[in-house]
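Notes to accompany the following structure.
The model shown is predicted, which means the values in this text are computed figures rather than measured ones. Below, chain A is the first sequence line, B the second, and so on; all start at residue 1.
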Amino acid sequence: MSATPERYNPRQAEPNWQKVWHDRQCFAASDDTDKPKYYVLEMFPYPSGRIHMGHVRNYTMGDVIARFKRACGYNVLHPMGWDAFGMPAENAAMDRNIHPKTWTYENIAVMRRQLQLMGMSLDWSREIATCDPNYYGHEQSMFLDFLEAGLIERKVSSVNWDPVDHTVLANEQVIDGRGWRSGALVEKRELAQWFFKISNYSEELLDALDNLDTWPEKVRLMQRNWIGRSEGVQFSFELEDADGNLLDTRLNVYTTRHDTIFGATFCAVSADHPMTRGCAETSREIADFRRECAALGTSEEAIERAEKKGIPLGVYARHPFQSGVRLPVYAANFVLMGYGEGAIFGCPGHDQRDLDFARKYNLDVIPVVAPADADPATFKIGDEAFLENEDDQSVMINSEFLNGMSVADAKEEVASRMEKAGIGTRRTNYRLRDWGVSRQRYWGCPIPIIHCDTCGVVPVPKSDLPVVLPEDVSFSQPGNPLERHPAWKRVDCPTCGKDASRETDTFDTFVDSSWYFARFCSPHSDVPVDSGAAAYWMPVDQYIGGIEHAILHLLYSRFFMRAMRKTGHIGMDEPFASLFTQGMVIHQTYRTEAGEWVVPTDVISGPQGLRHAETGEPIIVGPSEKMSKAKKNVVDPEHIIEQYGADTARWFMLSDTPPERDIEWTEAGVEGAWRFTQRLWRTIGEASQVAITDAPVPDPLDDAAMALRRATHQALKAVSDDISALRFNRSIARIYELANSLGQVLKQPNRSKELDWAVGEAARILVQMFAPMMPHLAEECWKRLGMPGIVAGTAWPEVASELLVDDAITIAIQVNGKRRDEIKVQKGLPKEEIESAVLQMDNVQRVLAGQTIRKVIVVPDRIVNIVAG
RNA sequence: GCGGGCGUGCUGGAAUUGGUAGACAGACCGGACUUAAAAUCCGUUGGGCGUAUGCCCGUGGGGGUUCGAGUCCCCCCGCCCGCACCA
C-alpha cells in the first residue's frame with residue numbers, strides 16, 4: 001500500500017484532519033439555546049480493554065447522524081463516557097493482581113485513543129466515567145432523595161450464593177447448579193437488600209410505551225411483556241386438615257382464570273411460601289423438597305423448564321362454590337413466590353403446567369371449557385391442556401351456574417360472586433418486580449447508608465457525600481473486600497454518634513447507566529443535573545445501542561427519569577425520544593481438526609483450501625457467530641484502521657446490511673470498501689480538472705447536463721431521507737449510483753460547458769453526501785475540489801425539488817397479472833389516455849388475440865393490468 | 001416452558017409499503033491493459049425451453065384473499081434471540 005500520488009493515503013490524511021477538527025473545536029456542543037438542538041447518543045461502553053467491532057458499528061452510526069444533523073444546522077450534542085464500574089475489573093484484580101481502578105483507567109485511555117482514531121465527532125469536554133466520585137457522588141445524593149420520597153425500600157430477597165467464593169452469582173454464572181469460578185454447589189440465600197420501587201410505576205411505564213412510537217415495535221413489546229399486566233381475581237380458600245377440621249389460616253391465591261374454578265383439583269404454593277416454610281419445620285421431606293427447589297436456581301427459564309414436582313402439605317382447601325369438595329394443597333416447584341400471592345389453584349384441563357403436574361400425581365382432570373361444537377359429556381383432555389383462543393367461541397361446561405357461558409362472562413360472574421361473598425376482589429397484577437440494586441461487590445458505587453445498633457438504618461448526611469470507595473483493598477481472599485476492610489466500614493452514627501458501620505454493598509451498575517445521559521447535559525455541574533441544561537438538551541433525540549438492552553437498561557432509565565422528576569431533578573418522564581437497536585457484528589469461526597479455535601489472521605487460503613498460517617494444519621470453517629474472544633473470531637478495529645484507515649472501516653460497517661440486522665465482517669467486503677475510497681478519490685480528482693464555479697445554473701441546459709443534475713438531486717434527496725431514517729445501507733447504494741453516473745460522464749470526451757457545470761455540482765454534492773460516513777476522505781476531496789473551508793463546517797446542500805420528478809415515466813403493462821410490455825408516458829397522463837394507448841400496442845394486441853377484454857385496471861404512473869379471457 | 005424475531009440469486013441485500021422481483025455491492029467467469037502481477041476499465045451471471053425482440057417457472061413449504069402478493073390472512077418447516085445479579 002505504498003503511497004503513489006494517485007492514491008489516497010488515509011494514514012497521512014486521517015490524523016491530519018482529526019487535528020484540524022480538534023483545533024477548530026468543531027464538535028463541542030455550545031449551550032446556545034437559540035439554535036434547535038439535537039442530542040444523539042450511543043450507549044456508552046464498558047471499558048473492557050480495547051474497542052471491538054460492535055463499538056465501531058454502534059459509534060459509526062451515531063457519528064453519521066451527528067455529522068448529518070450538524071450540517072443541517074442543528075446544535076448537536078454527541079458526548080462519550082464510560083460505564084466504568086462492574087465485575088470484569090474485579091475479575092482482573094483477582095486473576096492478574098491489578099487494582100480495579102488502575103485496570104479501568106488504563107482501559108479507558110486505550111479506548112479513548114482508539115475512538116479518536118475512528119474520527120468520531122465527539123465532544124470530549126463532556127467525558128464522564130461512572131467510577132469517578134464526581135459522578136457517583138451525585139448518584140448517592142439522588143439515592144437519598146429517592147429514599148426520602150418513598151421510592152426505595154429494604155427487604156429480604158433470595159439470591160444465588162457461592163459458598164466458596166463468598167459471593168452472589170448471576171444466573172448465567174450458575175452452571176448446572178455450580179458456581180462458574182469455584183465449582184461449588186450454589187445455594188439460595190436470603191439477604192436484606194435495597195430495592196428501587198419501580199413497581200410503583202408499572203402502569204405508567206406500560207401506558208407511556210404507547211407514545212414511544214419511534215421506538216422499535218419489538219422493544220416496546222418486550223417491555224410490555226416484561227411489565228406483564230394481567231387482570232384477575234385475588235381470593236382466599238378456607239383450609240382444613242386431613243380430618244376435615246377448619247383451620248384458622250386461609251390460603252390467598254391470585255388467578256386470571258377464575259372462570260375455571262370448577263375445574264380446580266388441587267392448590268399449589270411456592271416452596272418459599274410461608275405455609276411451606278412452616279411445614280418444613282416439622283417435616284423432613286418438605287424441608288428436603290425446599291432444598292431441591294433452591295438448587296433449581298432463580299431464573300424463570302430454569303423453573304419453567306424443570307419437571308413439575310410437588311409435595312403434599314397435608315392440608316386441604318375448601319372449594320368456594322362446592323361444599324364438600326376439597327383440594328389437596330401441594331408445595332410445587334413451578335409456583336413463583338414473587339408473583340401474585342405465591343399460590344395458585346391448579347386447573348389441569350386448561351393450563352399445561354397444571355396438567356403435567358396432575359398427570360404426575362394422578363390428580364383429577366376436569367374439563368370446564370370446551371369448543372362450542374363439542375359434546376360436554378364426551379369432551380376429554382389428552383396430553384395437551386385446552387387453551388382458549390382469542391377468537392374462540394368456547395363455552396363453559398361441568399361448571400354448575402356457569403354452564404353455557406362464554407369464558408368472559410364466566411370470569412365476570414365468578415368475580416362478582418366472590419366479591420359479594422367477601423372472599424375475593426378483582427385485581428390488576430403486574431409481573432414487574434421491584435429492582436434490587438444491592439451488590440455484594442467492591443467495584444461499584446457505595447450505597448450511602450450507615451447501620452447503627454441503636455438507630456438502625458441511617459442515611460449518610462448529604463454533607464458527607466460522596467462516600468468514596470477505599471483504594472487500599474486486597475482481593476487475595478474470597479468475598480467483598482469492603483466487608484473486611486480494617487477501617488473504611490467504621491463510622492460514627494450521624495444520629496446518635498455511637499460506633500456504627502457503613503453499608504458494604506454497592507449499586508448494581510445499571511444504576512450508573514440509568515442517568516448518565518442526563519449528566520452529559522451538564523457534566524461539570526455541582527448538582528446531579530443542571531435544570532436549564534437538561535431542559536434544553538433532554539430528551540435524547542436519537543439513542544442507539546444493542547438489542548440486549550431492550551428491557552432492563554431502557555426500563556430502568558425510564559423509571560429513573562420519573563424518580564428524578566418526583567424528586568425535582570428533571571422536568572420530564574421519558575429519556576429517549578427515539579431509539580434504534582443495531583445488530584451484532586458476526587464473523588466466521590475457524591477451528592483446527594483438533595477442535596481448537598483459530599483467529600482469522602492465522603488463517604490463509606491456499607491451493608489445498610484453508611490452512612493455519614503457522615502450522616499448516618487444515619482449517620475447518622464454522623458458522624458465523626457474534627465476535628467473541630472465546631471463539632477467537634475477532635477482528636481488531638485498530639488493525640483494520642492501520643491497514644485501510646478509519647473511513648474504510650466506517651464505510652464497510654454501513655454498507656449492504658440493514659443496521660438493525662447482524663452484519664458479517666468479511667475480508668472481501670473490507671477490500672471492496674477500500675477500493676471504493678480509492679475510486680472516489682480518482683473520480684473527484686478527475687472532476688477537479690473541470691472548473692468548479694459558483695456561477696448560477698446555466699440556462700438552458702442540454703439533455704446530458706439535465707440528466708446528471710437529476711441524478712445528483714435525486715440521490716441527494718434519497719440520501720438525506722435515508723440518513724434521517726437510519727437506512728444507511730440504502731443511502732450508500734444511492735451514493736454508489738451517483739458515483740457511477742459521475743464516473744461515466746467524466747469518461748465522455750468533448751463535454752459541453754453546461755455538462756461541466758453539472759459535473760462540478762455533482763462532485764461537490766457527492767463529497768458532502770459521503771462526508772458523514774467517510775469524513776476524512778471527504779475533507780481531502782473537498783480540498784482537492786478547491787472548495788472553501790472544511791466539509792465539517794459546511795451546510796448540507798439544498799435539494800432542487802423541481803429536478804426530482806421525471807416528466808416521462810415507464811409503466812408496466814400486465815395481462816392477467818403477467819408483465820407483457822412497458823410503455824413510456826408523460827407523468828400524470830389521465831387513465832383514459834393511458835388505456836387507449838396501451839390497447840393499441842402490438843405486443844398487447846398479440847397477447848390478447850382471440851380473448852375478450854373483461855376489465856382494464858389503470859393506476860396512473862404505476863401500472864396497467866388488462867383482465868382478459 | 002413462555003415471549004419475540006428472521007427466511008428473496010453463489011453471497012450481503014433492494015423493492016416507492018399491494019403495482020415491472022433481484023437496485024446497489026461482493027464473489028465468480030470472460031475480455032482489455034501489462035514482460036508479469038497488482039490496480040484499473042468493459043462485459044456475463046435466478047432456473048428451464050428456445051432461432052426468437054418469445055414462453056414457462058421462481059421470494060423456506062402448502063393453502064387463501066385480490067385485477068395484481070416478496071408484501072395481507074391461515075397452517076406447516078427451519079434458524080436465531082431474551083427470560084430479572086453479564087454489561
Side-chain angles (χ1 to χ4, degrees), chain A residues 4 6-7 43-46 48 83 85-88 159-160 167-174 193 217-219 221-222 224-226 228 298-306 308 334 338 352-353 356 431-441 508-510 512-513 546-553 555 584 623 625-626 655-658 660-664 666 668-669 671-673 675-676 678-679 682 718 727 729-730 732-737 740 743 747 810-822 842-843 846-847 854-857 859 861-868:
Chain A
T4 66
E6 312 303 323
R7 287 171 81 76
M43 291 180 184
F44 67 164
Y46 179 78
S48 55
D83 190 13
F85 276 137
M87 281 209 318
V159 295
N160 299 311
T167 186
V168 175
L169 299 175
N171 285 327
E172 69 153 21
Q173 294 171 329
V174 181
Q193 311 211 60
E217 194 48 50
K218 180 183 176 178
V219 173
L221 195 64
M222 283 166 90
R224 279 194 192 103
N225 291 335
W226 192 257
T298 57
S299 93
E300 197 165 291
E301 184 191 6
I303 288 164
E304 293 222 13
R305 256 202 233 264
K308 308 296 173 277
F334 62 94
Q352 193 60 44
R353 292 166 302 184
D356 295 345
R431 180 178 167 275
L432 181 65
R433 305 204 292 254
D434 280 334
W435 172 19
V437 295
S438 297
R439 296 291 181 271
Q440 296 68 36
R441 302 219 165 87
D508 175 8
T509 56
F510 273 125
D512 312 329
S513 56
I547 187 71
E548 66 273 22
H549 293 293
I551 298 173
L552 294 185
H553 164 57
L555 196 61
M584 297 182 298
E625 295 183 55
K626 180 182 181 174
S655 312
D656 293 350
T657 304
E660 69 278 8
R661 260 191 239 180
D662 289 352
I663 188 171
E664 172 148 23
T666 62
E671 290 282 350
R675 282 198 302 271
F676 187 61
Q678 296 300 339
R679 200 170 110 206
R682 282 194 307 275
R727 294 183 296 232
N729 56 321
R730 300 210 316 190
I732 279 181
R734 302 309 299 263
I735 290 172
Y736 271 111
E737 280 177 349
N740 291 345
K747 259 185 238 151
T810 305
I811 62 179
I813 299 161
Q814 298 180 336
V815 176
N816 291 331
K818 283 186 178 151
R819 184 185 166 280
R820 295 299 174 188
D821 205 345
E822 56 185 37
D842 291 347
N843 262 343
R846 185 179 51 75
V847 175
R854 304 199 185 276
K855 203 172 171 186
V856 180
I857 288 129
V859 183
D861 302 343
R862 287 273 168 86
I863 205 160
V864 177
N865 190 9
I866 302 163
V867 186

Subject >> Nearest-nucleotide pick for A:Tyr736, side chain only, options being B:C24, B:C83, B:A39 >> reply: B:C24
Original post:
How far does CD1 of A:Ile811 sit from CG of A:Asp821, to the nearest 0.5 angstrom?
Top reply: 11.0 Å
Original post:
Picking from B:A87, B:C83, B:C24, which would you name as closest to the side chain of A:Glu737?
Top reply: B:C24
Subject >> Mutual orientation of the aromatic rings belonging to A:His549 and A:Phe510 [parallel < 30°, tilted 30-60°, perpendicular > 60°] >> reply: perpendicular
Subject >> Distance, P atom - from B:C74 to B:G22, rounded to whole angstrom >> reply: 29 Å
Original post:
For B:U65, what is the paired nucleotide under Watson-Crick or G-U wobble rules, both distances under 3.5 Å?
Top reply: none
Subject >> C1' gap between B:A27 and B:C10, integer Å >> reply: 7 Å
Original post:
In whole Å, what separates the P atom of B:C28 from that of B:U11?
Top reply: 15 Å
Original post:
Base, sugar-phosphate, or nothing for A:Met87, non-hydrogen atoms under 4.0 angstrom?
Top reply: sugar-phosphate
**OP:** Just call it for A:Phe510: base, sugar-phosphate, or nothing, with non-hydrogen atoms closer than 4.0 Å on any strand.
**Re:** base
**OP:** Go through B:C56, B:A87, B:U20 for me and flag the one nearest to the A:Asp83 side chain.
**Re:** B:A87
Original post:
Once you round it to whole Å, what is the distance between P of B:A25 and CZ of A:Phe676?
Top reply: 8 Å
Original post:
Nearest-Å distance, CG (A:Leu555) to P (B:A87)?
Top reply: 17 Å
Subject >> Short side-chain N/O contact from A:Lys747 to OP1 or OP2 of B:C42, under 4.0 Å >> reply: yes
Original post:
Taking atom P in both B:U44 and B:A23, what distance in whole Å separates the two?
Top reply: 12 Å
Subject >> Value in whole Å for how far the P atom of B:C55 lies from CZ of A:Arg846 >> reply: 5 Å
**OP:** Would you kindly compare A:Arg353 and A:Asn729 by the position of their nearest RNA chain B nucleotide and give the one closer to the 5′ end?
**Re:** A:Arg353
Original post:
When rounded to the nearest 0.5 angstrom, what distance separates CZ in A:Arg224 from CZ in A:Arg431?
Top reply: 15.0 Å
Subject >> A:Asn740 vs B:A25: side-chain N/O to OP1/OP2 distance below 4.0 Å >> reply: yes
Original post:
What nucleic acid atoms does A:Ile813 come within less than 4.0 Å of, heavy atoms only: base, sugar-phosphate, or nothing?
Top reply: nothing
Original post:
Considering every strand shown, what is the Watson-Crick or G-U wobble mate of B:A23 when both distances are under 3.5 Å?
Top reply: none
**OP:** Figure out the CZ/C1' separation between A:Arg431 and B:G3, and round it to whole Å.
**Re:** 9 Å
**OP:** To the nearest Å, give me how far apart CZ (A:Arg820) and C1' (B:C56) are.
**Re:** 10 Å
**OP:** Please state how far atom NZ in A:Lys218 lies from atom C1' in B:G82, giving the value in whole angstrom units.
**Re:** 9 Å
Original post:
Picking from B:C56, B:C67, B:G13, which would you name as closest to the side chain of A:Ile857?
Top reply: B:C67
Subject >> Whole angstrom value for the distance that separates P of B:A39 from CZ of A:Arg682 >> reply: 11 Å
Original post:
Does the B:G3 base have a donor-acceptor partner in the side chain of A:Asn225 within less than 3.5 Å?
Top reply: no
Subject >> Pairwise side-chain contact, A:Ile863 with A:Gln814, heavy-atom cut-off 4.5 Å (strictly under) >> reply: yes
Subject >> Phosphate OP1/OP2 of B:G18: any A:Arg862 side-chain N/O under 4.0 Å >> reply: no
Subject >> side-chain N/O A:Arg661 vs B:G13 OP1/OP2, d < 4.0 Å >> reply: yes
Subject >> Comparing A:Ile663 and A:Leu221 on RNA chain B - which has the more 5′ nearest nucleotide >> reply: A:Leu221
Subject >> base_contact_polar (B:C85 base, A:Arg441 side chain, donor-acceptor, <3.5 Å) >> reply: yes
Original post:
Does any donor-acceptor pair link the side chain of A:Gln193 with the base of B:C85 at a separation under 3.5 Å?
Top reply: yes
Original post:
Hey, what do you get for CD (A:Gln193) to CG (A:Asp508), rounding to the nearest 0.5 Å?
Top reply: 10.5 Å
Original post:
Which nucleotide, B:A23, B:C85, B:A14, lies nearest any side-chain atom of A:Pro658?
Top reply: B:A14
Original post:
Considering only the C1' atoms, how many Å lie between B:U16 and B:U65, rounded to the nearest integer?
Top reply: 23 Å
Subject >> A:Val847, nearest nucleotide to its side chain (from B:A27, B:C55, B:G19) >> reply: B:C55
Original post:
B:C83 pairs with which nucleotide, Watson-Crick or G-U wobble, both distances below 3.5 Å?
Top reply: B:G1
Subject >> A:Ala733, nearest nucleotide to its side chain (from B:A23, B:C85, B:C55) >> reply: B:A23
Original post:
Just how far is it from atom CE of A:Met87 to atom CZ of A:Arg439, taken to the nearest 0.5 Å?
Top reply: 10.0 Å
Subject >> Between B:A14 and B:G78 - C1' atom distance, rounded Å >> reply: 24 Å
**OP:** Measure the CG-CZ distance between A:Asp356 and A:Phe334 for me, rounded to the nearest 0.5 Å.
**Re:** 8.5 Å
**OP:** Give a yes/no answer on whether the side chain of A:Arg675 brings an N or O atom under 4.0 Å of OP1 or OP2 in B:A27.
**Re:** yes
Original post:
Going from CE on A:Met222 to CD1 on A:Ile547, what distance comes out if it is rounded to the nearest 0.5 angstrom?
Top reply: 5.5 Å
Subject >> Rounded distance in Å - CZ (A:Arg819) to C1' (B:A21) >> reply: 11 Å
